[in-house]
Amino acid sequence: MKGMEETMTLLAHLTELRSRIWRSLAVVLLSLGGGLYVSPKLLRYLKSVPPGSEMTWNVFSPWDGIRMYMSVALVIALAVSLPYILFQLWGFVKQGLHPVERTAALRYVPYSVICFFTGLAFGYFVVFPMSFSFTSKITKSMDLVETYGVAQYFGFMFNIILPLAIAFELPVIVMFLTKIGILTPTALHKMRRYAYLVLVIVASLISPPELISHLLVFIPLVVLYEISVLLSRIVYGRKKAAAALAEASGA
């Protein structure tokens, strides 16, 4: 009897998950119409500013143009649909969380969106031009002709800005994990040397192979980590104070 109830509960959760996925897809498809309208305008803007304005965008396949057009439109649609997708995800996940975890997750979701777009902006306006300039100088120093395809250009861009956007989520993730008791400031302090090693590797992978560029990426990542440690201490201190107050009230 218990096994049957668990099976029914699982089926109900799967049905709800499918329903929320279909709703999210419907919103993405509706937003795609707007994305298809905005995509050419955004592509023209990217072509009008450095480093895109300093090169000729070539296509090496009849499909390259339409693929980039649709890819940019889809990215726009996903960005517009992100709040609704997060709302649907929250509606499904919150049923398995304790009240304190629900409050923490709901509070940190807006900050995660802000941090993600801040990371995108930092990657696009700072790291991407720097990386492109470095690779372009190396190419010209070897007397090679820069003939880039639009697919390769955007691939190079996304490989830089997306990891940075994800890295900028670190403070919010640390705050949430501290709030629900998985992380502590002490644990973060003990992991600092290993965290710095990981940050060095990340910085070397997404920046040009020269010391100044590495530092320009590594230093913001270190600042993000130290901010995360500081925020963890604040959240942990408030959590302990609230627990002490609740214990005193109960006594």
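These numbers were taken from a predicted model, which means no experiment stands behind them.
The shortest non-hydrogen separation linking A151 to R67 is CB-NH2, 3.9 Å. The two atoms that bring E169 and C115 nearest to each other are OE2-C, 3.9 Å, heavy atoms only. Residues G123 and P129 approach most closely at O-CD, 4.3 Å, considering heavy atoms. Across every non-hydrogen atom of P171 and L231, the tightest pair is CB-CD1, 4.0 Å.
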**OP:** Apply side chain to side chain contact (heavy atoms under 4.5 Å, CB included) to the pair L46 and Y124, showing each step before the final yes or no.
**Re:** CA-CA 11 Å; L46 295 176; Y124 178 74; 3.1 Å; yes
**OP:** Go through L221 and L164 one step at a time and tell me if the side chain to side chain contact (heavy atoms under 4.5 Å, CB included) criterion holds.
**Re:** CA-CA 9 Å; L221 293 179; L164 278 173; 4.2 Å; yes
**OP:** Could you walk me through whether M130 and S133 pass the side chain to side chain contact (heavy atoms under 4.5 Å, CB included) test, one step at a time?
**Re:** CA-CA 5 Å; M130 177 181 63; S133 175; 5.9 Å; no
**OP:** Go through the steps to decide whether V174 and I227 satisfy the test side chain to side chain contact (heavy atoms under 4.5 Å, CB included), and finish with yes or no.
**Re:** CA-CA 10 Å; V174 168; I227 290 175; over 6 Å; no
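Using a 4.5 Å cut-off between side-chain heavy atoms of Ile, Leu, Val, Met, Phe, Trp and Tyr, with links allowed through other members, I114 and V126 fall into different hydrophobic clusters. Using a 4.5 Å cut-off between side-chain heavy atoms of Ile, Leu, Val, Met, Phe, Trp and Tyr, with links allowed through other members, L43 and V75 fall into different hydrophobic clusters. Cluster membership for V229 and L224, using ILVMFWY side-chain heavy atoms within less than 4.5 angstrom, is shared. Residues L42 and F125 are members of one and the same hydrophobic cluster, defined by side-chain heavy-atom contacts under 4.5 angstrom among Ile, Leu, Val, Met, Phe, Trp and Tyr. At a threshold of 4.5 Å between side-chain heavy atoms, the hydrophobic network of Ile, Leu, Val, Met, Phe, Trp and Tyr places V198 and V127 in one connected group.
With rounding to the nearest 0.5 Å, the separation of OG in S71 from CD1 in I76 is 11.0 Å. Taking CG of L30 as the start and CG of L25 as the end, the distance is 11.0 Å to the nearest 0.5 Å.
A donor-acceptor pair under 3.5 Å is formed between the side chain of Y225 and the backbone N or O of L188.
Remark: K140 NZ is loosely packed, at most 12 non-hydrogen atoms of other residues, nucleotides or ligands lying under 6.0 Å away.
A search for side chain to side chain contact (heavy atoms under 4.5 Å, CB included) contacts involving L230 returns I234, not counting sequence neighbours. Residues passing the ring pair (Phe, Tyr, Trp, His ring centres under 6.0 Å) test with Y153 are W57, F128, F132, sequence neighbours excluded. Partners of L120 according to the side chain to side chain contact (heavy atoms under 4.5 Å, CB included) rule, which considers only residues two or more places apart in sequence or in another chain, are F116, F117, I161, L162, A165.
Residue Y84 belongs to a hydrophobic cluster whose other members are V27, with links defined by side-chain heavy atoms closer than 4.5 Å.
For the side chain to side chain donor-acceptor pair (under 3.5 Å) condition, the pairs that include at least one residue of residues 189-202, sequence neighbours left out, are H189-R192, R192-E226, Y196-E226. Applying the side chain to side chain donor-acceptor pair (under 3.5 Å) test to pairs two or more places apart or on separate chains, those with a residue in residues 29-39 are S31-S81.
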